[in-house]
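Numbers here are sequence positions counted from 1.
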Amino acid sequence: AGQVVVTAAGGTYAQATATVTLTFAKPYPTAPRAAIVTCVNAVAIDTGHVSYAVSTTALVLTYKVLPAAGAYTFDYLLVA
C-alpha cells in the first residue's frame, strides 16, 4: 500500500492515453493478484476508465483519457 504523486506538466500531449508506472523498490516473489487504485485529489483523472497490469516489479496504470496539467495523487493497495 502507498501513495504517489504524479505531475502532468505542459499542455500538448502526444499520446492517446495517460500512463502511470509505479516501480517497486523491492520485487515481489510472485506478482500480486490484484491492485486497487484511486486518484484522490481535485484534478482527478477519469478513474472509471483505467486498466492495470501488475508484475513482480511494477504496477502500470493506463487511462483512456489525456491528463490535464496538474498534480495527481494516487492511493494504491496491492493484494498478494
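- How far CG of Leu77 is from OG1 of Thr38: 10.0 Å, rounded to the nearest 0.5 Å.
- One hydrophobic cluster holds both Tyr28 and Val4 under the rule that ILVMFWY side chains link at heavy-atom gaps under 4.5 Å.
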Take Val6 and Phe74, measure what side-chain contact (heavy atoms from CB on, under 4.5 Å) needs, and give me the verdict at the end. CA-CA 8 Å; Val6 177; Phe74 296 93; 4.0 Å; yes
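- Considering CG of Leu59 and CG of Leu78, their distance stands at 6.0 Å, rounded to 0.5 Å.
- Note: Tyr52 OH to Ile36 CD1 = 8.0 Å, rounded to the nearest 0.5 Å.
- Smallest separation of non-hydrogen atoms from Thr30 and Thr56: C-CG2, 3.7 Å.
- When all heavy atoms of Ser55 and Pro32 are compared, the pair lying nearest together is O-CD, 3.5 Å.
- By the criterion of side-chain heavy atoms lying less than 4.5 angstrom apart, applied directly or through intervening Ile, Leu, Val, Met, Phe, Trp or Tyr residues, Val60 is not grouped with Val37; the two fall into different hydrophobic clusters.
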